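These notes concern the structure reproduced below.
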Amino acid sequence: MSTEETIVVVGAGHAGVQATASLREEGFAGQIKLVSGEHALPYQRPPLSKRFMKEQMGPSDLLLRGERYYTDKDISLRLGDRVLAIDRADKRIQLASGDRLAYDHLILATGSRPRSTDLPGAGYAGVQRLCVMDDAIRLRQALRRGGNVVIVGAGFIGLEIAATAIEMGTSVHVVELADRPMARVVSEPVSSFFAEMHRAAGVQLSLGVSVTRIIGLDGRVSEIELSDGRRLPADVVVLGIGAQARDKLARAAGLACGNGIEVDARMTTSDPSISAIGDCASHHNSFTGGRPFRLESVQNAVDQGRVVARKLVRKPAQYDSVPWFWSDQAHCKLQIAGLSLDCDQVIIRGDQRTGDFAVYSFQGKRLRCVETVNRSGEHMAARRLISSNASVMPEQVAAKDFNPRETARTVQVMNS
Ligand SMILES: Cc1cc2nc3c(=O)[nH]c(=O)nc-3n(C[C@H](O)[C@H](O)[C@H](O)COP(=O)(O)OP(=O)(O)OC[C@H]3O[C@@H](n4cnc5c(N)ncnc54)[C@H](O)[C@@H]3O)c2cc1C
């Protein structure tokens with residue numbers, strides 16, 4: 001694209017900010033306009049349920065880039081202004097402030113938002129979600145007041161909050177519809193380990209039950225009712241029931257959407273002048289068996305931001321990264337490389353009882369996913385093994401002398 005051209009990015013989370021930074025790094029010399037619906041300078045979300053929740057970080061520690069970065073790189077940052085509509089024929093976006101911005105290429109990096117629910121009582125004061133910094137500030141104030149905290153959903157975010165809340169001395173009850181925690185994303189041995197770890201710390205965990213309604217008193221939550229008939233006292237209820245793509249803008253503009261905005265491997269939507277990246281994008285990659293997939297992770301947002309920038313400066317660009325995630329719960333760091341979809345064999349290395357182990361998941365003879373608990377070195381090696389598509393056999397991993405770092409090094413040398 002020439003210096004005359006304008007790229008507009010909607011959403012200044014990990015994906016949007018990375019796209020703008022990579023555009024400059026890749027030599028794009030035209031105008032870049034980054035629009036954020038939030039008033040705060042662009043910030044990282046993962047610490048909100050971790051160190052920020054524990055008050056080990058303040059708002060300025062969360063910033064993705066300092067304020068000067070945007071001026072130095074000539075990125076025009078517009079905060080606190082929402083994009084209301086895309087006029088594809090005229091290649092303009094309409095902002096809530098009344099302004100209209102013209103684009104040559106538009107990047108949608110609108111992220112995801114907490115899943116909406118029609119649960120009766122979800123509107124009572126004291127019922128909270130965790131998505132943006134203000135939610136985290138409100139929630140940590142509520143946790144500081146103590147009392148009974150009920151967390152609906154035993155996913156990453158729900159369990160991270162549970163670990164913090166119990167450390168802060170509150171009574172914590174986690175309610176989960178599935179029969180094991182984090183069932184959507186982790187293998188059974190990892191679920192069992194974390195269930196046990198949280199229970200040992202004092203968290204009450206009710207699995208295989210759902211919340212039927214939230215009961216209030218004078219407009220505030222007081223109890224929740226479960227599908228098995230129990231009622232739990234609740235001063236604070238945290239809804240950690242997952243997220244959905246923010247794709248309303250794209251749908252209204254007629255872009256193809258499924259579970260998120262559909263893109264090809266170069267992040268292009270059904271309109272060649274519009275790309276979508278990060279949590280809002282539904283993409284294909286070889287790790288998802290070719291099926292469309294939407295990931296909610298920093299890795300995905302950052303890598304897709306880089307790919308779209310390379311595409312726009314006409315360099316080779318194709319998204320096919322190994323997905324990886326992490327979650328910090330109490331003293332345990334869970335890291336996941338790859339996806340455990342359709343896996344049929346698992347090999348456990350290390351000791352589950354001491355919280356120092358790894359689970360290797362295979363689909364047939366192919367290594368698909370490695371989950372590690374408190375083994376960061378092994379996680380890094382696993383990412384290299386999975387991305388190189390190396391043939392690592394279940395028998396090899398099960399052997400006592402299997403050394404993941406050495407194997408990853410060997411594979412890398414062979415591939416270079
Ligand atoms: C509490 C919490 C903990 C997490 N922990 C982890 C973790 O440990 N590891 C991990 O990998 N991931 C984690 N995630 C997920 C990770 O933060 C997301 O995957 C990542 O932020 C996605 O980046 P994104 O840029 O696609 O979207 P977002 O970060 O959601 O940013 C999208 C931005 O677009 C803005 N926007 C949307 N619509 C409009 C509009 N119409 N006009 C203007 N602006 C708009 C939104 O306001 C938002 O600021 C966590 C998320 C949360 C909420």
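What you see is a predicted model, and the numbers here were worked out from it, not measured in a lab. One-based numbering, in listed order, for ligands and for the atoms of each. Side-chain atoms are counted along with the backbone in the values below, which use heavy atoms only and exclude waters and symmetry mates. Counting from 1, the numbers follow the sequence of the chain as shown.
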Here the pair of heavy atoms bringing His283 nearest to Val263 is CB-CG2, 3.7 Å

Which protein N or O atoms sit under 3.5 Å from any N or O of ligand 1? Give atom names and distances.
{"residue": "ligand 1", "atom": "5 (N)", "partner": "Lys50", "partner atom": "NZ", "Å": "3.0"}
{"residue": "ligand 1", "atom": "8 (O)", "partner": "Lys50", "partner atom": "NZ", "Å": "2.5"}
{"residue": "ligand 1", "atom": "8 (O)", "partner": "Trp326", "partner atom": "O", "Å": "3.1"}
{"residue": "ligand 1", "atom": "11 (O)", "partner": "Val298", "partner atom": "N", "Å": "3.0"}
{"residue": "ligand 1", "atom": "19 (O)", "partner": "Asp279", "partner atom": "OD1", "Å": "2.7"}
{"residue": "ligand 1", "atom": "19 (O)", "partner": "Asp279", "partner atom": "OD2", "Å": "3.3"}
{"residue": "ligand 1", "atom": "19 (O)", "partner": "Ser297", "partner atom": "N", "Å": "2.9"}
{"residue": "ligand 1", "atom": "25 (O)", "partner": "His14", "partner atom": "N", "Å": "3.2"}
{"residue": "ligand 1", "atom": "25 (O)", "partner": "Ala15", "partner atom": "N", "Å": "2.9"}
{"residue": "ligand 1", "atom": "26 (O)", "partner": "Asp279", "partner atom": "N", "Å": "2.9"}
{"residue": "ligand 1", "atom": "29 (O)", "partner": "Arg45", "partner atom": "NE", "Å": "2.8"}
{"residue": "ligand 1", "atom": "29 (O)", "partner": "Arg45", "partner atom": "NH2", "Å": "3.3"}
{"residue": "ligand 1", "atom": "30 (O)", "partner": "Arg45", "partner atom": "NE", "Å": "3.4"}
{"residue": "ligand 1", "atom": "31 (O)", "partner": "Arg45", "partner atom": "NH2", "Å": "3.4"}
{"residue": "ligand 1", "atom": "38 (N)", "partner": "Arg82", "partner atom": "NH2", "Å": "3.2"}
{"residue": "ligand 1", "atom": "41 (N)", "partner": "Val83", "partner atom": "O", "Å": "3.0"}
{"residue": "ligand 1", "atom": "42 (N)", "partner": "Val83", "partner atom": "N", "Å": "2.9"}
{"residue": "ligand 1", "atom": "44 (N)", "partner": "Gly37", "partner atom": "N", "Å": "2.9"}
{"residue": "ligand 1", "atom": "49 (O)", "partner": "Glu38", "partner atom": "OE2", "Å": "2.6"}
{"residue": "ligand 1", "atom": "49 (O)", "partner": "Arg45", "partner atom": "NH2", "Å": "3.2"}

Examine Arg266 relative to Tyr319 and say whether NZ or CZ is less than 6.0 Å from the centre of the six-membered ring and inside a 45° cone about the ring axis.
no

Heavy-atom donor-acceptor pair, Asp303 side chain to Ser321 backbone, under 3.5 Å
no

Ring centroids only, cut at 6.0 angstrom: are Phe293 and His284 within range, meaning strictly under it?
no

Assess whether side-chain hydrogen bond (donor to acceptor under 3.5 Å, both in side chains) is satisfied between Ser376 and Gln335, documenting all intermediate values.
CA-CA 7 Å; Ser376 292; Gln335 291 170 289; 3.0 Å; yes

Whether Arg384 side chain and Arg409 backbone form a donor-acceptor pair below 3.5 Å
no

